Amino acid sequence: QVQLVESGGGLVQAGGSLRLSCAASGRTFSSNAMGWFRQAPGKEREFVATISWSGGSTYYADSVKGRFTISRDNVKNTVYLQMYSLKPEDTAVYYCAASHLPVAGKSDFGSWGQGTQVTVSS
């Protein structure tokens, strides 16, 4: 089992930026796809982005495409989510997730972090 710990959330004004980090420990990190999801109050958790085991393939939700960038460092066992041009509708708890697959779709994630709050003020 993999353990995931997110950090980097906070309060930011609309138009600002934040970088989330997710440190992984446990099973081999570099062999598995990683992803970011988010859950706003009163809404279901939604997919944000995923990155393949090597970092060579990424995929984004339409709502964040062009504003968010997912990346990973397989030496540091860390995945990142760089967020630019943040909007109030980006306000949510952001969760890091690990897949058992090297390349994963939205439903292929089974390990989750505890989440980090991102609040974007207007």
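Keep in mind that what you see is a predicted model, and the values were worked out from it rather than measured.
Around atom NZ of Lys65, more than 12 heavy atoms belonging to other residues, nucleotides or ligands sit under 6.0 Å away.
If you take OG1 on Thr50 and CH2 on Trp36, they are separated by 12.0 Å, rounding to the nearest 0.5 Å. Remark: Ser30 OG to Asp73 CG distance equals 11.0 Å, nearest 0.5 Å. Note that the OG atom of Ser31 and the NE2 atom of His100 stand 13.0 Å from one another [nearest 0.5 Å]. Expressed to the nearest 0.5 Å, how far CH2 of Trp53 lies from OG of Ser99 amounts to 14.0 Å. In this structure, OG1 in Thr119 is found 9.5 Å from CG in Leu18, a value given to the nearest 0.5 Å.
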### Message
Before you tell me yes or no, could you show the steps for Leu20 and Glu6 under side chain to side chain contact (heavy atoms under 4.5 Å, CB included), namely the whole-Å CA-CA distance, both residues' side-chain angles and the distance that decides it to 0.1 Å?
### Response
CA-CA 7 Å; Leu20 305 183; Glu6 302 97 334; over 6 Å; no
### Verdict with supporting geometry, Met83 and Leu81, side chain to side chain contact (heavy atoms under 4.5 Å, CB included)
CA-CA 6 Å; Met83 305 184 291; Leu81 185 68; 3.9 Å; yes
### Task
For Cys96 and Trp112, run side chain to side chain contact (heavy atoms under 4.5 Å, CB included): C-alpha distance rounded to whole Å, both residues' side-chain angles, the deciding distance at 0.1 Å, then the answer.
CA-CA 6 Å; Cys96 175; Trp112 300 87; over 6 Å; no
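In this structure Glu89 satisfies the salt bridge (charged side-chain N to carboxylate O under 4.0 Å, His left out) test with no other residue, sequence neighbours excluded. Partners of Arg67 by salt bridge (charged side-chain N to carboxylate O under 4.0 Å, His left out), not counting sequence neighbours, listed by chain and number: Asp90.
Nearest approach of Ser52 to Arg72, heavy atoms of both residues: O-NH1, 2.8 Å. Among all heavy-atom pairs drawn from Ala14 and Ser122, the shortest one is CB-CA, 4.3 Å. Across every non-hydrogen atom of Arg38 and Ala92, the tightest pair is CB-CB, 3.8 Å. Here the closest heavy-atom approach between residue Val120 and residue Thr91 is recorded as N-OG1, 2.9 Å.
Remark: the backbone N or O of Ile70 is paired with a side-chain donor or acceptor of Tyr60 at under 3.5 angstrom.
Ring geometry for Tyr94 against Phe68 counts as tilted: the plane angle lies between 30° and 60°, on a 0 to 90° scale.
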